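Predicted model only: the values in this text are computed from it and were never measured. The chains referred to below are lettered A, B, ... by the order of the sequence lines, with proteins before strands, and numbering in each begins at 1.
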Amino acid sequence: MSDISTEKYVAEARRGIADPVLRRSLASLQERFGRGTAAAYLQLPEGPDLRVTAHAIREKAVAHLDVLLETLAATIRRNGGHVFFAATAKDAVDYCLEVARRNQVRLVVKGKSMVTEEIGLNPALAAAGIEAVETDLGEYIIQLAGEKPSHIIAPAIHKTRNEVADLFAAKLGIRRTTSPPELTQAARKALREKFLTADMGTSGVNMACAESGHITTVSNEGNIRMATTLPRVHVAFMGMERIVARLDEYEIILRLLCRGASVQTIGTYVSFVGGPRQQGDSDGPEEFHLVVVDNGRSRILADPQFREMLCCIRCAACLNICPVYGKIGGHAYGFAYSGPVGAVVTPLLTGVNRAKDLCRGETLCGACKDACSMDIDLPRMLLALREKLAYGDAAWQVEPASRIEGLAYRGWSWLIRRRTVYEMALKLAATGQRLLPRAGAMIRRLPPPIHGWTQSRDLHPLAEQTFMERWRKRKAPSNARVNSEWAKKNPTGEPGSEGCGGGEGLGDEDGRRG
Amino acid sequence: MKTAAEDRFFRRLRTALGHAPDLSRDATQLFAQGPSADELQMLDRIDGRSAADRRRLLERLIEAGTPINLRVVPVFDPAAAREGIAAVVAEKRPEWGEAKSVAAWRHPLIDRLGLEGALARRQVPLRITDPIAPGAGAGRECDRAQRDRQRAAVIASFIGVTGADFCLAETATLVLRNRPGQPRSVALVPSIHIAVITLDQVLADMKELFALLRWAERFRPEGLSNYMSLISGPSKTADIEATMVHGAHGPREVHLFVITG
C-alpha cells in the first residue's frame with residue numbers, strides 16, 4: 001500500500017491555505033476549468049442532461065461488473081493478452097514485479113495513472129531495484145522534486161515555472177530557463193531516451209469496453225502512447241469498475257470525460273488496446289498484461305449507500321469547482337485522490353476513521369454534484385460518511401469519531417419532538433445567551449465544547465421572542481389576512497409549514513412591521 | 001488461465017452484487033444484438049453522402065482543426081499531396097540530429113503518391129515500413145531483426161507519413177487501426193506526422209465511426225483491430241503554469257492532406 005497521510009489533513013490544509021502561490025494557481029485553475037466545464041456541458045448537443053444518461057450507463061455497468069469483466073478478459077486472452085484479477089494492492093504490485101522479474105526489466109516508463117498511486121507501485125519497483133520514470137510532464141516534475149501529485153489531472157499545479165526552472169537546472173543539468181516551451185523541450189528530450197530504452201511501460205485505464213474487448217487510455221502529451229508502444233512489455237492497471245458494456249455507451253462517457261477533465265471536445269490521443277502485437281506487426285509490445293484491481297472496491301459495491309461512487313471516472317471536474325479544494329490544494333487529502341472525490345473514496349478505501357477529516361472538511365455546498373460528469377451525488381455520500389462517524393458503523397468498522405457529537409444530536413432530536421420542553425429550552429437559551437460576549441448585535445464567542453463554531457464567524461443570537469410567541473400575540477384579523485394572502489400565493493401549500501422552517505427570519509420582519 | 005485467486009475475486013464480486021438486491025440485473029439489455037434505429041439511420045446517411053455533403057464535412061474538419069493546431073490541406077490529387085509533403089520535408093528541420101529522413105507506411109494510398117522519387121530529388125531517404133515477414137527460414141531475416149531495423153528507421157526519421165482509416169470532422173480526429181506494414185510508431189515517434197486521406201474517409205463524428213465499425217459489413221470483421229488510435233492534432237501539454245505547449249512527447253506538428261479528387 002502506498003503512503004497514506006490522511007490523518008494530517010487539518011495541518012496540511014492549514015499549510016495549503018497559508019501558501020499564497022498555491023492559492024493563486026488553484027484560483028486560476030478553477031477560474032478556467034470550473035467555468036469552462038459548465039459551459040462545455042451546456043454546449044453538448046444533448047445538453048447537460050447527458051450526464052444523467054451517463055450515470056445510468058455507469059450504474060448499469062456496475063450492476064453487471066462480473067459479466068463485463070469476464071467478457072473483457074476472455075477477448076483480451078483470446079488476442080494473446082494476460083489478465084490478472086488482483087484482490088488487494090499487494091496482489092497487483094506483486095504481479096507486476098513478477099512480470100518485471102521474468103522479463104529482466106530494469107527501466108519502467110509510466111503513463112499517468114492514479115490507481116498505480118493508490119496501490120503504491122513506484123515504491124515497490126524502487127524497492128526491487130527497478131527504475132520507474134513518470135512520463136506525464138506534471139508527474140515527471142513532481143517525481144524529480146520528490147513530491148506527490150496534488151491534482152488528478154494537473155498533478156504539478158502547485159509548482160511555479162520558477163520552481164520547475166530550478167528543479168530542471170539541478171536535476172537535468174540544463175541552463176536555467178523559466179520558459180514553459182523550453183522546459184517542456186528539456187523534459188521531452190530527457191524522456192525520449194527513457195522511452196527508447198525502457199523494457200516495460202505501464203499505464204492506467206480510463207475506461208474499458210467489454211463489447212469490443214479493449215482498454216482505453218486518454219492523454220494529450222502522447223506519453224501514454226509512447227509508454228505502451230515502444231517497450232517490450234505493457235502492463236495496464238485498472239480499477240475494476242472502469243468498464244462499460246458497449247461502444248455507443250463508451251462514446252458518451254468519453255465525451256463527458258474530456259469535457260469534465262480539461263474542457264476539451266476530445267483528448268489528443270485516445271488509444272484502444274486489445275492485446276499485444278499481432279503476427280506481422282512491426283511494433284507494439286510483445287506482452288500485454290491487464291491488472292484489474294479490487295483493493296476495497298467490492299466493499300463499496302456491496303453497500304447500496306456508496307456503490308454510486310463506482311460510477312466515478314476520475315475526471316477531476318469536482319476538484320476544479322470545489323471551494324475547499326480550491327483553498328487547501330490536493331496534498332491535504334493525503335492519498336492518491338484529492339478534492340470531493342477523494343473526500344468520499346479515500347475514507348472508503350483506506351478506513352473511515354483514519355480519513356475522517358476529509359469528509360468533514362467539505363462544505364456540502366453541492367458544487368461537486370453539479371460539476372460531476374457522471375452526475376454522482378457526492379454530498380449525499382459525504383453526509384452518509386459523517387453519519388457513520390457520528391454513530392459508528394460495524395460493517396465499515398467505524399468508531400464514533402466523537403461521542404459527544406453523537407449524544408448532542410440524539411439529544412437535539414429528542415428535544416425538537418417535544419413542543420413544551422423545546423420552548424422551555426429556547427427560553428432558557430435566550431436568557432443564557434446574554435452572558436456571552438457580543439460584537440454589536442452578534443454573539444462573538446460560544447463556550448466550549450462548541451467554541452469552534454465562532455472561531456471564524458459570529459453567531460446570530462436567538463430572538464427575544466420566538467416566532468410562535470409573536471404569532472400568538474398577533475390580533476386575529478391580521479392573522480386571517482396573512483393566511484388568506486398566503487393561500488392565494490400558494491394554492492396547494494399549507495400555511496404554517498413555512499412558519500416552522502423559516503422561523504427566525506420571518507419573525508424579525510414581522511416584528512419590525514408590527 | 002483461470003486460477004483459484006481469480007475464482008475468489010469473482011466470488012467476492014458476485015457476493016457484493018448480491019448484497020445490493022435493488023441493482024437491476026437485466027443482462028439482455030447489456031450487449032446490442034443489432035444496430036439501433038439511430039445507428040441504421042446513421043449508416044444510411046454515411047452511404048448517401050453527396051459530394052456537397054462531403055465538402056461541408058471538410059469545412060467542418062478544417063474549422064475543428066484550427067484551434068488544436070492541426071493543419072488540414074485539401075489537395076486535388078495524389079500528385080498535389082506529394083508536392084505538399086515534399087514542401088514540408090524541404091522546409092522543416094530535424095529535431096534530433098542533422099540528417100533528414102522520412103518513414104512512411106506500406107499503404108495503398110501512400111504507394112500511389114510516388115514519394116520515393118520526390119524525396120530522392122531532395123536527397124532525403126524514404127523508409128517504407130513493410131510488413132514483417134513470418135519465420136526465419138533459410139536466408140531470411142528473422143522477425144526480430146526485421147523489427148529492430150524498422151524501429152531504428154522510424155526513430156531516425158524526423159517525419160512520419162501515414163494513411164488513416166477515417167477522419168472525424170467534428171473533433172478533427174484521425175482514426176488509425178493497426179495492421180502489418182502500418183506501425184503505430186510512424187504516427188508517434190517522428191517530430192512531424194503527415195497523414196494522407198481521401199475525402200470519402202471523412203465522417204461526421206465518433207458516433208458514425210462506432211456505427212460503421214460495429215455494424216457495417218465491410219468494417220465489422222476487422223472491428224477496432226488490436227490497437228486503434230484516435231489522434232486529434234499534435235501532442236500538447238499545459239502542465240507548467242497551465243501554459244499550452246505543443247510537442248510534449250508525440251509529434252509537435254500534424255499535417256493532414258485530404259485528396260478531394
Lys/Arg-Asp/Glu bridge criterion (N-O < 4.0 Å) met for K207(B), E46(A): yes
Note: D283(A)-R147(B) ion pair, threshold 4.0 Å (strictly below): no
Interchain contact, [X] with chain A, by part (heavy-atom threshold 4.5 Å):
| X | value |
| --- | --- |
| P234(B) | backbone |
| E39(B) | side chain |
| Y227(B) | both |
| N178(B) | side chain |
| E170(B) | neither |
| T173(B) | side chain |

Distance-only, no hydrogens or angles: does the E221(A) side chain make a donor-acceptor pair with backbone N or O of L137(A) under 3.5 Å? yes
If you measure only the distance, is there a donor-acceptor pair under 3.5 Å linking the side chains of S271(A) and S229(B)? no
Is any side-chain heavy atom of V189(B) closer than 4.5 Å to a side-chain heavy atom of M226(A)? yes
Part of I141(A) within contact of chain B (heavy atom distance under 4.5 Å): side chain
